[in-house]
**Q** 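Have a look at this one before I ask anything.
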Amino acid sequence: LPPIEERSLWEDAHKMLAKAEKEGIETAWDRLLQQTPHCTFGESGICCRICTMGPCRISKKAPLGVCGADTDVIVARNFGRFLAGGAAGHSDHGRDCIEAFHAVAHGETEDYQIKDEAKLRRIAEELGIAVEGRELLDIARDLVEEFWASFGSQRSQVCFVSRLPEKQQETWRKLGITPRGVDREITEMMHRTHMGCDNDAANTMLHSARMCLADGWAGSMIATEISDILFGTPKPRKAQVNLGVLKKDHVNILVHGHNPIVSEKIMEAVNDPELIALAKEKGAAGINLAGLCCTGNELMMRQGIPMAGNHLMTELAIITGAVELIVVDYQCIMPSLVQVGNCFHTKMITTADKARFTGAEHVKFEMHNGMDQARRVVRMAIERFPLRDQDRVEIPCDPVDIVTGFSNEALLEALGGTLTPLIEAIKAGKIRGAVAIVGCNNPKYKHDHCNVNLARELIKKDILVLVTGCVTTAAGKAGLLVPEAIDMAGPGLKEICGALGIPPVVHMGSCVDNARILQLAALLANELGVTIADLPLAASSPEWYSEKAATIGTYAVASGIYTHLGHPPNITGSKVVTDLALSGLDDLVGACFGIEPDPFKAADLIDERIRQKREALGLSA
Ligand code: NFS
Ligand code: SF4
């Protein structure tokens, strides 16, 4: 195992890793070591388990599977199914949002309400729904139907494709990659990759692009828009990050997972005076709520709830010994959290029937009982407080301040209502471009080293950085999410962000909120009369691990945004698939992937891409 300082960038992680070692608690780093070296067939994507004539693995001696499939076909099918997992994750989260919105629109719940009426009307109007003189819930019911239709197969394109420049829509139509329906594209991927269907790697890859676009421009985008309608559109506000947000004298509750439908209710219950009184009765000073991963991003963006940590901090948060209860919905929740919790008094609560964990207690959240269930969960946390062993508690540091809440609406407001100041700054080369750094942690890297250093390098080069998902906490801990961080930026970026009072690294939300970045890119392209591929933009996921992150990367590329990854997906066994990803797609959709594990070299790679885009637009490099 590498020395503790080499496993993470952060002091809070180092201290908790040392505590884990002392107390004999296993973490992801230990298990990674047990799994190393990884299977090279799996790593290069050339193991096929799609039927029982196999499993087949490709080698010099055996270049074809039993059915005759070659490496290219096998890799493309495996990758297509990998991406389907990611698209399904975001989009099923989006579907749960539609269900909540449906329940509200049809008066089937009192636990959820419409918080941003103006946004509801605006989006309805954008999608061609009549709004004049109509009751709000009437409009809502039509909008619900429009969203449902984007999941099925009744439409020739999902709803928000309309946000794209016409020229770009035309490109997609010509390539046959206009997404028709979220469920349709995911199902078709499973069909195509059944034995004996799509046996042309490039063709499978094109469908991968279409399916991921369905996620980006519908599944995820719908999740974001509905979350804003139901819980409020984020506005800039202060918050705090790292394990220092846990409080030694409070009942500590962590929310982990993705959908604000659960975490928003937990937050409301935590503020219930009756429950606060109960906590005091049990000897606590109060109840403290903190977030992890994406649901943490959702709560932080809208409500300023502090963030305890990102993906690789989830086990370490429990190792503080200060957590009474962790409540989860779905995605990115390590099953090991049950075991780590068992080393303490920490209880794990699951809330979704589609994500149960053996050893955790299940409290099912439904539209009609969200508030009651949330109170039940908070009460369970309070009951655990007397079981805490205060001698084992270690809160490893003080929290770091950040500013969050930059929805596109908030950004536009900061810009004075139009994109013009941003476009002028880009034209003048004061902001040379923008890069979205998104995604995860992966114990194969020094935790957050690449996430943080890439952001630092880019802002030095006058490139505005947008962050979402688990990169948020990394940037926050590095002090990059506050206006004062302009001192670390190049002179142009410093001038513009300084004048606007915004940080040079802007927090735009959770991973589904990458849809906000897509929308911003489309707004800029429309304003300039070009396509997204013409803009000096890029994306990066330096430390990614999940299927969802690969799906995001793929919809970014298919939308025309060059995307850097720290390491390739498991596709390197196929020359056709790898070449398409690293260059071939550039000719088709105007963007491709770039791979570079070193954040400093990656910054140069991205900088060069932005330079080229600026020159093509006739702007100074
Ligand atoms: Ni995104 Fe959110 Fe984090 Fe990675 Fe997981 S929490 S959806 S996948 S690990 S950024
Ligand atoms: Fe082997 Fe072909 Fe079956 Fe895959 S689909 S397991 S390559 S026989």
Side-chain angles (χ1 to χ4, degrees), residues 28 41 45-59 62-78 81 85-94 192-199 215-216 219-220 223-224 255-260 263 291-300 307-315 328-334 436-443 445 447-448 451 467-475 507-515 539-553 565-566 573:
F41 293 98
I46 55 172
C47 168
C48 184
R49 292 179 294 119
I50 277 171
C51 85
T52 65
M53 293 191 285
C56 303
R57 44 183 215 185
I58 299 304
S59 62
L64 299 177
V66 175
C67 67
D70 63 15
T71 40
D72 297 325
V73 166
I74 290 172
V75 168
R77 285 197 303 217
N78 285 339
R81 287 191 169 197
H90 293 139
S91 295
D92 205 39
H93 164 171
R192 281 177 183 238
T193 53
H194 185 278
M195 150 50 192
C197 290
D198 202 359
N199 284 294
D215 173 4
S220 289
T224 291
V255 278
H256 183 7
H258 282 78
N259 204 326
S263 54
L292 291 168
C293 292
C294 277
T295 212
N297 275 297
E298 300 270 355
L299 276 188
M300 191 163 76
M307 175 85 93
N310 53 6
H311 181 55
L312 276 180
M313 295 303 294
T314 57
E315 293 178 299
V328 307
D329 51 21
Y330 37 62
Q331 300 170 18
C332 300
I333 301 146
M334 292 195 215
I437 311 183
V438 310
C440 326
N441 295 136
N442 187 324
Y445 295 87
H447 169 227
D448 283 341
N451 288 336
V467 291
T468 60
C470 286
V471 179
T472 307
T473 317
H507 177 218
M508 297 197 70
S510 64
C511 284
V512 295
D513 289 339
N514 286 318
S540 169
S541 195
E543 302 177 28
W544 73 282
Y545 92 88
S546 81
E547 291 170 328
K548 291 177 292 169
T551 306
I552 292 167
L565 300 173

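All ligand and atom numbering here is 1-based and tracks the order in the structure.
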**Q** For atom 1 (Fe) of ligand 2, grab the closest protein heavy atom and report residue, atom and distance to one decimal in Å.
**A**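 Result for atom 1 (Fe) of ligand 2: Cys56 SG, 2.3 Å.
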**Q** Does the shortest distance from atom 4 (Fe) of ligand 2 to an N/O/S atom of Cys48 fall below 2.8 Å?
**A**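 It does: Cys48 brings an N, O or S atom closer than 2.8 Å to atom 4 (Fe) of ligand 2.
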**Q** Enumerate the atoms of ligand 2 whose separation from the nearest heavy atom of Gly65 is less than 4.0 angstrom.
**A**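 Under 4.0 Å from Gly65, ligand 2 has these atoms: 7 (S).
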**Q** What protein heavy atom sits nearest atom 3 (Fe) of ligand 2, and how far off is it?
**A**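 The protein heavy atom lying closest is Cys51 SG, 2.3 Å.
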**Q** In the protein, which heavy atom is nearest to atom 8 (S) of ligand 2, and how far is it?
**A**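 For atom 8 (S) of ligand 2, the nearest protein heavy atom comes out as Cys67 N, 3.4 Å.
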**Q** Within a strict 4.5 Å, meaning less than it, do heavy atoms of the Ser220 and Asn514 side chains meet?
**A**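 Answer no - side chains too far apart.
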**Q** Please assess Ser59 against Arg57 for the test side-chain contact (heavy atoms from CB on, under 4.5 Å), listing each intermediate value before the final yes or no.
**A** CA-CA 7 Å; Ser59 62; Arg57 44 183 215 185; over 6 Å; no
**Q** Is any side-chain heavy atom of Met195 closer than 4.5 Å to a side-chain heavy atom of Met53?
**A**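 Met195 reaches Met53 side chain to side chain.
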**Q** Which of these, Asn451, Asp448, Thr473, Thr472, sits in a side chain to side chain donor-acceptor pair (under 3.5 Å) with Asn310?
**A**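 Going through the options one by one, the only one that passes is Asp448.
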**Q** Using a threshold of 4.0 angstrom between heavy atoms of the protein and any atom of ligand 1, which residues qualify?
**A**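 Lining ligand 1: His258, Cys293, Cys294, His311, Cys332, Gly439, Cys440, Cys470, Cys511, Tyr545, Ser546, Lys548.
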**Q** With rounding to the nearest 0.5 Å, note down the distance linking NE2 in His258 to CD in Glu298.
**A**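 Answer for the NE2-CD pair, His258 versus Glu298, is 8.5 Å.
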**Q** Could you give the distance from OG1 (Thr71) to CD1 (Ile46), rounded to the nearest 0.5 Å?
**A**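 Here the rounded value is 7.5 Å.
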**Q** Measuring from Tyr445:OH to Cys440:SG, what's the distance to the nearest 0.5 Å?
**A**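 Answer for the OH-SG pair, Tyr445 versus Cys440, is 10.5 Å.
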**Q** Identify the heavy atoms of Ala28 and Glu315 that sit nearest to each other, and give their distance.
**A**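 Taking every non-hydrogen atom into account, N-OE1, 2.9 Å.
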**Q** What part of Arg77, side chain from CB on, backbone N/CA/C/O, both or neither, has a heavy atom under 4.0 Å from ligand 2?
**A**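 The answer is the side chain of Arg77.
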